[in-house]
Structures are given as C-alpha cells and as structure tokens.
Amino acid sequence: MTNIEIAWIFNEIADLLELAGENFYKVLAYRKASRSLQRINAEVADLQREGRLSDVPGIGKNLRSKIEEILKTGKCTYLEELRRNVPQGMRYMLAIPGLGPSSIRLIYQKLSVETLEELEKAAKKKKIRELPGMGPKTETNILEGIKMLKSIQDCVPLGVALPLAELMVSQLTSIQGVKRAEICGEIRRGKEMVADIDLLVAATSPRDVIDIFLSHPRFKESWVSGAFQATAISLLGVKVNLKVVSPEEFAAAWFYYSSSGRHIDKLNEIAANQKYKIISKGFKSEKEKENGIIMPESEEEAYGFLGLPYIPPELREGSGEIEAAIANSIPKLITAENIRGDLHIHTNWSDGLNTIEEMAEAALKRGYEYIAITDHSRSLSVADGLSVEKLIKQFEVIKELNKKMSGFRILSGIEVDIRTDGTLDYPDEVLAMADIVVASVHSGFKQDSATINLRVQRALENPYVRILGHPSGRILGRRDPYALDLEQILETASRKGTWLEINSSPDRLDLSSYWARKAKEKGVVIAINTDAHDVSRLDDIRFGIITGRRGWLESENVINTWPLDKLLTELGGMF
DNA sequence: GCCGTTTTCGGCCCGACTGTTTTCAGTCG
C-alpha cells in the first residue's frame, strides 16, 4: 500500500464524515493527515517498521492504528462501516461546485436522493427548490454540475494517472523475461484528463507477465482481454490496460499505441501512397505479391519510413503536426533541462509549508538559477495573506538571504489578488517594491463574462503586473473556467508584454495546452510555474512542461528558461 | 482527530461571496 492510497482512504473518510455531519475539526484532521501523507518523502510502510509513524504531522494515536491496520490487512474497517452508512452517490455529489455536504445531506434526508441520477431527476422536476434554503439557482447549479461531471466521466487527472503508471512500469520492468516496459496512450501524449493507463511490455513469455499483472495487489478487478492483453481496475478506480509484445514488435507498437487515432489515420494516408498500411506491428505491405510486415527498430525509424522527421508523442493528436513534419517545421519542444527557475512559489510566510531558505535550497538542488517568492496578498486571509508590513519585512529577509547566496537569486515577488472590481490588493507603491508581481483571481469566480473580463483587463493594465496566474481558473474535474474571454486576454497580454502562466499544479494545468498554443501563435510569452506550497511540489513542474509541450511550446516561448541576467533585464528593476 | 500542554482538555480555518432570504447558512479558497 503506497502513501497515496492511504491518503485516499483518509480523504474518503473525511468526505463521508462530512456528509454524516460530523465535527468539522475531526474532518479537518483526516484531510490534514491525507495531505501530510502525500507530502512526506518516506514510504509509510518503512516508517511503520521503524516505529516512526507518529513523526508524520497530523498522525496521532488513532490514525496511526488505522494505518497499521491498512498496512496489515489492506482494509480499513472504519471506512467500510462509514460506507455502509453513507450512500456512495452522496460522495459523488460533493464534486458538484457550490453543493456542499450540508445541502447534500438535506436533499438525502428530505427527498431520499442517493445517486447522481436521482439528484438530476429531482432537480429537473423542480423538487429541490421546495427545500428550505434552496431555490431555482441551486437547481440550475446542480444540473450544470452534473453535466460537467458527465463530461469527464471515468477520467482521472494526469497528476493521478502518471505516478501510478510509472509505479506499474517500474514493477513490470523487474519481472523476469521483461525486456522493456513503457507508458503509451493518452498519458504519454500528456492529456490532462486520462481515461485509461496504457502500458506496453516487451517480453519473451507474455503469459507469465500477464499472470503476474492480473494478481497485482493494487487492483480491485482484473481480467484477460486478449491473447496478449490484460485489463484491470486499480484501487483508485483507474482502468489499466497492459499489452505484451515481442521485443521485435516493441518499437512499432510503442509508436502505434502512443499515437491518437487521428494521427495514425493521417499517417496512413501517407503510407497508402507507398502501398503500406500501419498496424500495431509495423508497416504491412498492400502490394499483391508481398505479405510481409516491416518492423521499425525505433519510433524515429517508423517516421523515417514514411519520409518524416520524428514527431514527439505530445503532438500526435492530428492537429497540424503531420503538416508541420512534412514542412520540416516540427518545433523543438521545451524540456525539463530548459527550465532555469520558478516564478510562483509560496512559503510559510503565507500558506506554504517551508521557509524561504528551504524553497531556495530545493530549487538550487534542482539546478535552478532563480526563484520568485510569491506569497499571497492580504485579502486572502484564509491563506494568511501578507500585510504590507509583513511583505516589506519579507523583502528585507530575502535581500539578506541573497547576500549569502552565490550563483542563485531569490526574487522578491507577490501573488497579488485581483479584487472583484479589478483593483489589486496592494497599492501601486507597494507593488513597485517587488521584483515581480503575479496577479491572480481567487474570488468571485461566478462573475458574468462582461464583469470578469473588465476586471482582469483592468488588472493587466497595471504597470507592475508581470504574470497573470492560473488565467482560466479551472480546477480539473471540479470547477469550470471563469467566464473569461481568453482571446481578449491574449490580445492584451500581447500588447502589454504580460506573461501568462501555465500553472503546473496537476489540479489546474492552467493555461491548458490549447491556450498555450494559441498564446504562442500570438507571440505571448509563457511562464511555466509550479505554485508550489512546499518543496516536494516543485516536482510538479513536469506537469507544466508536458502541458507546454502539448501546446507546441519551445524554450524561447517560456520566460523561465531564460538565464538570470536576461530575466533581470526584462524585469527592468533595480537589481 | 491532533496537538500541546499550566497532563486532561480547549483550540484548531477565517472571511467573502452566494443564494436564499429579510438576517442567514452554506460554500469555498
């Protein structure tokens, strides 16, 4: 049992307790423990062996014994009991924005509504508005929420799927007779929401690999789905597909199964001219007297066979990449090595976990040249937003820290709230003192299009704003973007030279790859930031990078690939 | 449920916004 799986159990317990109307702080305790488990670097199983479970923040006597039970039996009886008492459907309802545990409980108690389907029916029949404290808006909101949930049905965010896929790959690789194991499918293309985890293995004896796969303890269901295929549902509810091929077939299969259907279709048009058809094993001759299959030894060779340069998986969506390949203008996509810094980072001065120094050291260890400390501004009180005095104090502390560091620079920044009227949360003279200002929306998400457009435009007109943070405001699978007209925002950003963020948090990935590509076309520069609230989340940068790659970004399109000198010149302050 | 204690229990995550109301409860960051 991994940390994340135990964290999920605690999270589910928290949800169910909340739905049952339990004490708020008890719920909070489970949520804190869940977050804590996902943050720590050590494996829970190791800590338990060493008797150090209680060292984990938020794990007391009670939760420790629950972890021990889970590690020992793979089950949590407390969770099972809760599940018996709270209908599972109520938990799904929590995903509807604006609908919280109290309302769900009320609807359940008064209308006996237990599932999303029943909830939808009740809303359509205008039954919800009859309940105290609810009205037509709540009904509309419920119906919209259900519509959103249906659109992402059975999908999980890349941030959940990728780590699980990597774990599976490393385990498959260690099986005897396995020559190679790789991720393919949507994950390899970097899609933000993933329906399946697709894994490909090269092995000499497929049956053995499939048998081991089927009996994996992390699956709640598994079955054989073909001679060389198996499918499973993981404990987290994600579908996992395994295909096993011979080592000779591997390159062709990896190429084939990593590409979207549209990509393969378009390639097939080219292959048809050469009288070949692309199949998972390679290129099948369609000439009358031949019946052989040409098997490429690498993906490069597969594209070479069609007279094309290599196309990275993130581009293989059939959205112009083949045309670009023919014109020999496939972009040189940004890589992790290009990133030289992170311009959106929180510390324990606001709602982060680590000190400025710890964040800087962690960034230095990653090989970065700079970071910007951008804690929350004063009106975000839940996140301990900084008062003007505290912010100025932080600037002084950073100044002192910089004197001690060589070859690394901490920029003093701020993530300033764009207030509901478009003014910023600090006066200009305070913003002027910062090296860099990230402006973000953290309130009034439901403003109508005209209002929020005006609001954000107004913020962008402020001369000190350099980056617009998480521009669309979406939370994957939980909250739709604000009613913001991003086309217009791109226009303004282009005119003002404002940088737009790709927020790498796997919950956000905002801008999306679609808008990142649009930004590039408009000549708008992107900042790929993590918005990290602790040192471990600096790793999230990879999700931002893969999103940037899907958005066709090259290193020159991304501000934080620039060396420190160039960045400082661009920022134009007194350094 | 955790934590930090003046070791046995009180404090912990608050304030803006929303939709429903005429004064507030629920939601969310």
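Just so we're on the same page: letters track the sequence lines, and every chain starts at 1.
Side-chain contact between N354(A) and T347(A) is absent, with no heavy-atom pair separated by less than 4.5 Å. By the 4.5 Å heavy-atom criterion applied to side chains, M134(A) and K127(A) are not counted as neighbours. No side-chain heavy atom of W499(A) sits less than 4.5 Å from a side-chain heavy atom of L468(A). No side-chain heavy atom of S505(A) sits under 4.5 Å from any side-chain heavy atom of H470(A). E81(A) is listed as a side-chain neighbour of N85(A), based on a closest heavy-atom distance under 4.5 Å.
What separates CD1 of I104(A) from C1' of dT27(B) is a distance of 11 Å, to the nearest Å. As rounded to whole Å, 13 Å separates atom C1' of dT18(B) from atom CG of L99(A). One interatomic measurement links the two molecules: CG of L94(A) to P of dG29(B), which rounds to 13 Å at whole-angstrom precision. dG26(B) atom P lies 15 Å from atom CD1 of I142(A), rounded to whole Å. Taking atom CE of M93(A) as the reference point, atom P of dG26(B) lies 17 Å away to the nearest angstrom. Rounded to an integer number of Å, the gap from L53(A) CG to dC2(B) P is 12 Å. When the C1' atom of dG29(B) is taken as reference, atom CZ of R31(A) falls 13 Å away, rounded to whole Å. Going from atom CD of E18(A) over to atom C1' of dC28(B) covers 11 Å, rounded to whole Å.
Taking atom C1' on both dG29(B) and dT22(B), the two are 28 Å apart, rounded to the nearest angstrom. When the C1' atom is used for both dC2(B) and dC13(B), the distance is 15 Å, rounded to whole Å. Taking atom P in both dC14(B) and dC9(B), one finds a spacing of 24 Å when rounded to whole Å. Here the separation of dT23(B) from dC28(B), taken at their P atoms, is 25 Å to the nearest Å. dG15(B) and dT21(B) have their P atoms separated by 27 Å, given to the nearest Å. Spacing of P atoms, dT6(B) relative to dG11(B), comes out at 15 Å, to the nearest Å. For the C1' atoms, the distance linking dG10(B) with dC17(B) amounts to 31 Å, nearest Å.
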Can you pull every protein N or O that's under 3.5 Å from an N or O on nucleotides 3-13 of chain B?
unit_1, atom_1, unit_2, atom_2, d
dC3(B), OP1, G58(A), N, 3.1

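By the 4.0 Å N-to-carboxylate-O rule, R474(A) lies close enough to E192(A) to be salt-bridged with it.
Remark: N62(A), L63(A) in residues 62-69 of chain A come within less than 4.0 Å of DNA chain B through at least one heavy atom.
Taking the nucleotide of DNA chain B with the nearest heavy atom to each of P101(A) and A29(A), the more 5' of the two is matched to A29(A). When each of T420(A) and I96(A) is assigned the nucleotide of DNA chain B with its nearest heavy atom, T420(A) is the one assigned upstream, toward the 5' end.
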Contact state string [nucleotides 20-25 of chain B, B base, S sugar-phosphate only, - no protein heavy atom under 4.0 Å]:
S-----

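With a cut-off of 3.5 Å on both Watson-Crick or G-U wobble distances, the partner of dT27(B) is given as dA16(B).
Remark: the backbone N or O of V437(A) is not paired with any side-chain donor or acceptor of R466(A) at under 3.5 angstrom.
Side-chain proximity of S102(A) to the nucleotides dT27(B), dG1(B), dG29(B) is greatest for dT27(B).
The shortest distance between the side-chain N/O atoms of S379(A) and the OP1/OP2 oxygens of dA16(B) is not below 4.0 Å.
Within 4.0 Å of R419(A), counting heavy atoms only, lies no atom of the nucleic acid at all.
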Intermediate values then yes/no, side chain to side chain contact (heavy atoms under 4.5 Å, CB included), Y370(A) and I410(A):
CA-CA 6 Å; Y370(A) 50 85; I410(A) 308 170; over 6 Å; no

Which is it for D425(A) and S379(A) under the side-chain hydrogen bond (donor to acceptor under 3.5 Å, both in side chains) test, yes or no, and what are the steps along the way?
CA-CA 7 Å; D425(A) 200 18; S379(A) 77; 3.1 Å; yes

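In the displayed structure, K110(A) atom NZ is contacted under 6.0 Å by at most 12 heavy atoms of other residues, nucleotides or ligands. Residue-environment remark: NZ (K522(A)) exceeds the threshold of 12 foreign heavy atoms within 6.0 Å.
Below 30°, between 30° and 60°, or above 60°: for H376(A) and H346(A) the angle between ring planes is below 30°, a parallel geometry.
Judged by a 6.0 Å distance limit and a 45° cone about the ring axis, K66(A) is positioned over the six-membered ring of Y78(A).
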